[in-house]
Amino acid sequence: LITAPPLQIGERYFQLYPEEGDPVWGNPCDDVRHQRIWSHNKTCEQLPRFLVIGPQKTGTTALYTFLSMHPDISSNFPSPDTFEEIQFFNGKNYYRGLDWYMSFFPVPKNATARYLFEKSATYFDGDLVPRRAHALLPHAKLVTILISPARRAYSWYQHTRAHGDQVALNYSFHQVITASDTSPKPLRELRNRCLNPGKYSQHLERWLSYYPPQQLHIIDGDQLRSNPVETMNELQRFLKIQPPFDYSKHLRYDPKKGFFCQVVNEDHTKCLGRSKGRQYPPMEDKSYKLLQRYYLSHNTALVKLLKRLGHRSVPQWLKDDLSDTV
Ligand code: A3P
């Protein structure tokens, strides 16, 4: 038997299996050998049961807020860097490991909420996210919200402008979405953040290559906006949340905000902050037309995907985006 010091064995191992240099965290409770050496203070219940995966600008904060109103549903503790979002499965937080992730969730036996969830809107289009999420949370349910990808792109552009982003302030939306691959890098990056998450079918297929379709719930973002009570009822049915929360008593349309808000009392509502439901000029027609063409193949694939998933009707925004594209 030939052996070597641990460091050398480690080096040799990663020479032989370089792809394993990038960790994929599994669930310690899936293997009795892990469980045996794991601290008794830890529990695999301290993980989310469902994930709201985004994409950004589709109404994810509204959904997060509505879910958090339910006495049996609880999200993670806030992160000092990314506020309500942990953003674990994408980016460098993943390398902080499982303990870091779990520390964001209350230990269930000390908490009242029975349904833990996490919302990170960048998960939707993150290349590595479905694989990593599935390795740790194979039974988690996934919730996504879709709106017109063209309107999502415009909302993201307005969002970056409102945050004082110089590129968004210096270039019109049309210039951003028509930027070429020879344009300056910051402009290309903004273009990509506007356009890429909206290729919905592509991202959903990636999620579906890891998770079975029964674990995925797709919300029509326009319906969430105009009829959140019904949307939340459907979601509660999908998540099998018992007892269901009567959102009709807790959400009311606020004409000043132009959105549904949380009922405080007969005269008052608590709405999302000014950064959600912003006022901005409508998108130029030429930009909308261009985006209709840009997303044509993606939207066509989305219709097929929705049919395959058993959706009986196609969202109105999808029909509109697909109309008059020739
Ligand atoms: P706009 O600000 O462009 O109108 P996210 O939370 O994912 O960033 O999405 C923000 C979008 O949520 C807003 O985009 C707004 O249209 C939408 N939204 C849906 N329901 C809302 C609500 N009840 N209150 C505020 N915004 C809501």
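Remember, it's 1-based here, ligands and their atoms both numbered in the order they're listed. Remember, it's a predicted structure, so these values are computed and weren't measured experimentally.
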**Asked** Among side-chain atoms of Q87 and Y123, is any donor-acceptor pair under 3.5 angstrom?
**Response** no

**Y171 six-ring face occupied by R191 cation (under 6.0 Å, within 45°)** = no

**Message:** Tell me if the centroids of the rings in F50 and Y115 come within less than 6.0 Å of each other.
**Reply:** no

**Prompt:** So is G59 polar-close to ligand 1, meaning N/O to N/O under 3.5 Å?
**Reply:** yes

**Request:** Would you please determine whether Y280 falls within less than 4.0 Å of ligand 1 on a heavy-atom basis?
**Result:** yes

**Item:** Selection from K276, R225, R278, Q262 by shortest heavy-atom distance to atom 8 (O) of ligand 1
**Value:** K276

**Request:** Identify the protein heavy atom lying closest to atom 7 (O) of ligand 1, giving its residue, its atom name and the separation to 0.1 Å.
**Result:** T60 OG1, 2.6 Å

**Item:** Heavy atom of the protein closest to atom 21 (C) of ligand 1 (residue, atom name, distance)
**Value:** F259 CD2, 3.3 Å

**Request:** Tell me which protein heavy atom sits closest to atom 4 (O) of ligand 1, plus the residue, atom name and distance to 0.1 Å.
**Result:** G277 CA, 3.5 Å

**Item:** ligand 1 to L272 polar contact by distance, N or O atoms, under 3.5 Å
**Value:** no

**Prompt:** Do Y200 and N299 meet the criterion of a side-chain donor-acceptor pair at a distance under 3.5 Å?
**Reply:** no

**Asked** Among all protein non-hydrogen atoms, which one is nearest to atom 6 (O) of ligand 1, and what is the separation to 0.1 Å?
**Response** T61 OG1, 2.5 Å

**Message:** Could you check whether any heavy atom of Q158 sits closer than 4.0 Å to an atom of ligand 1, since that is the contact criterion I want to use?
**Reply:** no

**Request:** Considering only non-hydrogen protein atoms, determine which one is nearest to atom 23 (N) of ligand 1 and report residue, atom name and distance to 0.1 Å.
**Result:** F260 O, 2.9 Å

**Prompt:** Who's the nearest protein heavy-atom neighbour of atom 14 (O) of ligand 1, and how far?
**Reply:** S155 OG, 3.7 Å

**Message:** Does the residue T58 have a heavy-atom contact with ligand 1, meaning some pair of atoms that are separated by less than 4.0 Å?
**Reply:** yes

**Asked** For F259, is the NZ or CZ atom of R278 found under 6.0 angstrom from the centre of its six-membered ring and inside 45 degrees of the ring axis?
**Response** no

**Item:** Polar contact flag, side-chain donor to acceptor under 3.5 angstrom, S120-E118
**Value:** yes

**Contact check: F66 vs ligand 1, nitrogen or oxygen atoms, below 3.5 angstrom** = no

**Request:** Could you tell me whether F117 and Y64 have their ring centroids closer than 6.0 angstrom?
**Result:** yes

**Request:** Taking the six-membered ring for Trp and the full ring for Phe, Tyr or His, determine whether the centres of F77 and F105 are under 6.0 Å apart.
**Result:** no

**Prompt:** Is it the case that R132 places NZ or CZ above or below the six-membered ring of Y94, under 6.0 angstrom from the centre and within 45 degrees of the axis?
**Reply:** yes

